[in-house]
Structures are given as C-alpha cells and as structure tokens.
S.K.: 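Below is a structure I'd like to ask you about.
Ligands are counted one by one from 1 in listed order, and the atoms in each one are counted from 1 as well. Predicted model, so just to flag it, every value in this text is computed and none were measured.
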Amino acid sequence: MKSYDNTVSLYRVNIERGKGALLYDKSGREYIDFLAGVAVNLFGHGDRDIIKAARGQMQKYIHCSRLFYNPNREKLAKQITENSFGSAVYFANSGAEASEVAIKTARKWGRLRKSGAYEIVTMKKSFHGRTIAALTATGQKKFHKNFGPMLGGFKYAEFNNIKDLDKKTGKKTAAIMLEPIQAEGGVNMPAPGYLKEAARLCKKKNILLIADEVQSGLGRTGEIFAYKGYKIRPDIMTLGKGLGGGFPLSAVVVSPKTAGVLGAGGHGTTMGGNPVACAAGNVVFKKLKKKFFLKQIEEKGKYLMIGLKSLNSPLVKEIRGKGLIVGVQVKTEAKKIAEKALRKGLVINAPQPDVIRIVPPLIITKEHIDRGISVLSAVFSETEKENKAG
Ligand SMILES: *Cc1c(COP(=O)(O)O)cnc(C)c1O
C-alpha cells in the first residue's frame with residue numbers, strides 16, 4: 001500500500017462500511033468499534049444528522065477561503081465559547097496544528113506582555129502532535145528520536161508532581177501545556193488536586209495554562225470539556241479529533257487574556273475552519289448538548305469499567321479512566337492483545353507497549369460494550385495459556 005508509506009503498521013482488515021459502533025469488512029464480517037477512528041467518531045459511523053449537514057453545505061460550496069464570512073464557522077465558534085471559558089476561537093485542521101497555534105500564541109503573549117517570556121513547560125509522557133513544535137512539546141523521547149535538534153525553549157516536568165512544576169517555571173515561562181488526562185501516554189489520570197494546584201501556580205506566577213483537550217474534550221470524560229470536571233479554568237484550550245464529526249477540524253480556544261494576541265497575519269491556514277467540517281461540528285455540539293447525553297457517558301463509562309474489572313485476569317495490572325476513555329495496563333505485550341482482539345472482531349489499540357486503550361463512540365450501547373468485553377475475556381484467557389506454555 002504505497003499511499004501509507006511506512007509510517008503505520010496497518011491492521012490487515014479492509015473496512016468497507018460502518019454503522020453506529022459497528023464496522024464491517026469486505027466479507028461482511030462485523031467488528032465492535034472500541035477505537036472510533038482514534039477518538040474521532042463520537043456519534044459512531046453513518047450518523048444521519050452529520051451527513052445531512054455536511055451534504056447541505058457541500059451543495060452550497062465546499063471551500064471559499066477564510067477571507068469570507070461563513071455562518072457555519074461563526075455558529076461553531078459561538079457554540080464553543082458559550083460552553084467554555086473562551087472568548088474567541090481560531091480554527092485549524094489537525095490537533096498538531098492546534099498545538100502549534102497555542103504555542104505561537106503563548107510565545108507572542110510572553111514576548112509582548114510578560115517581559116519577553118517564551119518558555120513552555122510540558123509534561124513527561126504527554127502527546128501534542130507530530131509537527132516539530134508539537135513534537136518538541138510532546139514529552140516522550142521515543143517520538144523525538146532522529147528528528148533532532150528539537151525546538152528550543154521547552155522544559156519537561158513530571159506529570160502529577162507539583163514541586164517539579166514549580167521548580168521548572170519562572171520569569172521566562174510563558175505557558176504550561178498539559179493534557180488533563182494523558183491519552184497517548186497510556187491514559188494517565190491526574191492525581192487528586194494536581195490540576196487545581198497547577199492552575200493556582202500559573203495564576204501566582206503569571207503563566208498561561210494551555211489545556212490540550214484534543215482527546216479529552218467533547219464529552220469523552222462525561223463533561224463537555226474535561227477541565228470542567230477538575231474545576232480549573234485554562235487560558236487556552238485546543239480541540240480536535242471529534243470536533244468535525246469525522247472531517248479534519250481543530251480549534252484553539254482563547255480567554256480574554258490572550259484573545260487578539262496573534263493578530264492579523266499572526267497565523268494562517270488555507271483550509272482551516274472549512275465550512276463542511278464546521279457544519280458537521282455544529283451537529284456534534286447540538287448532540288453533545290442534548291439533555292442527559294453527557295450523563296449517559298458517565299454511566300456507560302462506569303459500566304465499561306465494571307465489565308473490565310470483572311475479567312479478573314492476572315494479565316491486567318491496572319484499569320484507569322474517566323467516562324469513555326479507559327486504559328488497561330497489562331503485564332504482556334499490549335500490541336498482541338490488540339491484534340488478537342481484531343481477529344476476534346473487536347477494534348482497540350495500544351498507545352504504549354503495556355497499555356491498551358478503549359475510546360468507543362459516545363453512542364455505544366451496553367450490549368456492544370458487553371460484546372467487546374467478552375472478546376477481551378477470550379483474548380486474555382488465550383494469552384494466559386500461551387504465556388504459561390512459554
Ligand atoms: C491526537 C492528539 C493530538 C494530535 O492530533 P492530530 O490531529 O493527529 O495532529 C494532539 N494532542 C492530543 C492530546 C491528541 O490526542
């Protein structure tokens with residue numbers, strides 16, 4: 001497959017279509033989707049409202065540049081700011097690009113409004129995307145390998161260690177950038193009180209707090225944005241993945257403190273805030289805001305967690321998560337677990353060598369959760385036997 005180059009190891013399945021939390025390959029075989037295109041398809045596959053909205057805009061025009069006003073984009077910006085701390089939204093195309101914009105905003109803010117401060121402190125085990133600044137922000141050495149020199153002006157603090165964060169921040173620090181829940185790093189949860197203390201430290205030292213909610217945002221944790229559940233208030237937030245209902249779309253949400261800092265010409269993108277993607281994004285928000293929708297995510301998350309715990313496998317070291325983002329730390333090769341699950345009709349992945357991640361569509365039913373868990377149960381028993389046989 002030449003189009004993929006060699007940057008991913010492809011799953012050897014040809015998916016032809018999807019419906020809700022189910023996928024079907026060419027032979028008609030059914031798969032339970034516990035991955036949702038990596039936390040993208042919040043409303044599963046084939047959502048009629050998303051299709052209708054996108055089609056409606058496509059019939060008017062697909063693209064006309066950011067130079068022109070577009071009502072879909074304005075409406076989405078309004079939905080995002082009305083439901084968050086934000087006063088303005090900058091639209092881009094991917095999570096990595098949103099990270100770039102957040103970093104540029106923080107640097108410019110520091111240069112102009114904090115005596116030239118430029119440093120960004122991020123967390124070890126974090127993930128912020130693959131472009132060079134976003135990659136530098138990503139606190140995992142394995143992703144930096146052979147791409148050096150990385151960008152200057154970054155420091156890394158231990159996640160959940162407030163003393164380390166205090167030590168690494170000072171007059172030169174423009175921003176602290178973190179994921180409320182570290183997703184790609186293995187679904188690492190914030191320790192009780194940690195995010196609040198980090199936010200307090202930012203206030204005390206006049207440092208911007210950037211929350212990367214590309215994966216944790218938009219209902220994933222049972223909150224519309226994860227930061228709300230931890231009772232903090234960032235200065236900048238990035239969104240992506242599910243924002244465009246499956247179309248490429250990301251956003252940088254800024255508070256009044258940093259709104260306007262980038263300024264005209266301060267950044268640009270040809271495709272950012274594409275009207276078709278924004279039309280789909282408006283449906284995403286409308287659905288997230290439906291009564292009880294967020295509540296049922298919390299309930300289904302608990303149901304999933306209980307199901308996973310009941311597996312009682314000696315191969316499971318820890319299960320952690322919130323709402324419908326769950327990581328299972330295993331004492332065996334996580335990638336092999338994911339491969340075996342796929343063969344048995346369940347899609348999951350392994351963001352770390354010892355962690356499998358579950359981020360299903362938010363509309364998944366209890367019945368499909370049960371089916372996914374029974375596949376995992378079979379995979380774990382099989383693996384236990386194999387490991388015993390050596
Ligand atoms: C996926 C992800 C990104 C990068 O998004 P892309 O669209 O792949 O560039 C950034 N931050 C977090 C937290 C993510 O999960």
Side-chain angles (χ1 to χ4, degrees), residues 4-5 7-8 35-42 90-106 120 122-140 142-144 147 151 154 156 159 175-190 195 209-221 223 225-227 230 234 236-253 267 269 271-274 277 280-281 284 321-327 348-352 355-360 362:
Y4 282 91
D5 179 284
T7 60
V8 281
L35 189 60
V38 193
V40 168
N41 308 310
L42 306 179
Y90 181 90
F91 288 109
N93 309 281
S94 69
E97 199 189 342
S99 293
E100 298 285 327
V101 176
I103 291 164
K104 282 179 76 177
T105 305
I120 315 270
T122 69
M123 300 295 146
K124 290 176 186 169
K125 296 189 182 168
S126 62
F127 184 85
H128 300 292
R130 309 296 198 120
T131 54
I132 287 289
L135 191 63
T136 305
T138 295
Q140 299 188 61
K142 66 175 182 189
F143 290 121
H144 292 183
F147 292 115
L151 200 62
F154 282 81
Y156 308 94
F159 189 50
I176 290 171
M177 180 173 186
L178 54 77
E179 300 155 87
I181 295 171
Q182 293 188 325
E184 300 298 312
V187 191
N188 305 316
M189 304 302 291
L195 293 174
L209 179 61
I210 305 173
D212 180 341
E213 293 239 23
V214 168
Q215 191 154 168
S216 61
L218 303 174
R220 182 57 57 194
T221 64
E223 301 276 350
F225 304 115
Y227 78 81
Y230 297 108
I236 299 175
M237 166 171 72
T238 54
L239 298 173
K241 290 202 159 83
L243 181 63
F247 290 96
L249 182 67
S250 65
V252 182
V253 188
H267 192 70
T269 161
M271 306 291 270
N274 171 274
V284 167
K322 187 178 185 199
L324 287 172
I325 175 166
V326 175
I348 48 174
N349 86 332
Q352 293 291 323
V355 180
I356 56 173
R357 167 183 40 189
I358 301 173
V359 278
L362 305 179

S.K.: Among Leu135, Val214, Thr138, find the one that has a side-chain contact (heavy atoms from CB on, under 4.5 Å) with His128.
M.R.: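 That would be Thr138.
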S.K.: Show me, by chain and number, every protein residue that has a heavy-atom distance under 4.0 Å to ligand 1.
M.R.: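 Heavy-atom contacts below 4.0 Å: Ser94, Gly95, Ala96, Phe127, His128, Gly129, Glu179, Asp212, Val214, Gln215, Lys241.
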S.K.: So which atom in Pro180 and which in Phe159 form the shortest heavy-atom distance, rounded to 0.1 Å?
M.R.: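 Smallest heavy-atom distance, with atoms named: O-CZ, 3.9 Å.
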S.K.: Would you mind telling me which of Gln182, Glu184, Arg220 makes a side chain to side chain donor-acceptor pair (under 3.5 Å) with Gln215?
M.R.: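 Answer after filtering Gln182, Glu184, Arg220: Glu184.
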S.K.: What I'd like to find out is whether the side chain of Val187 reaches to under 4.5 Å of the side chain of Val326, using heavy atoms alone.
M.R.: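 Side chain of Val187 against side chain of Val326, heavy atoms only: no contact under 4.5 Å found.
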S.K.: Measuring from Leu362:CG to Ile325:CD1, what's the distance to the nearest 0.5 Å?
M.R.: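 Interatomic distance, Leu362 CG to Ile325 CD1, rounded to 0.5 Å: 11.0 Å.
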S.K.: Does the plane of the ring in His267 sit parallel, tilted or perpendicular to the ring in Tyr90? Use 30° and 60° as the thresholds.
M.R.: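 Perpendicular: the ring planes of His267 and Tyr90 meet at over 60°.
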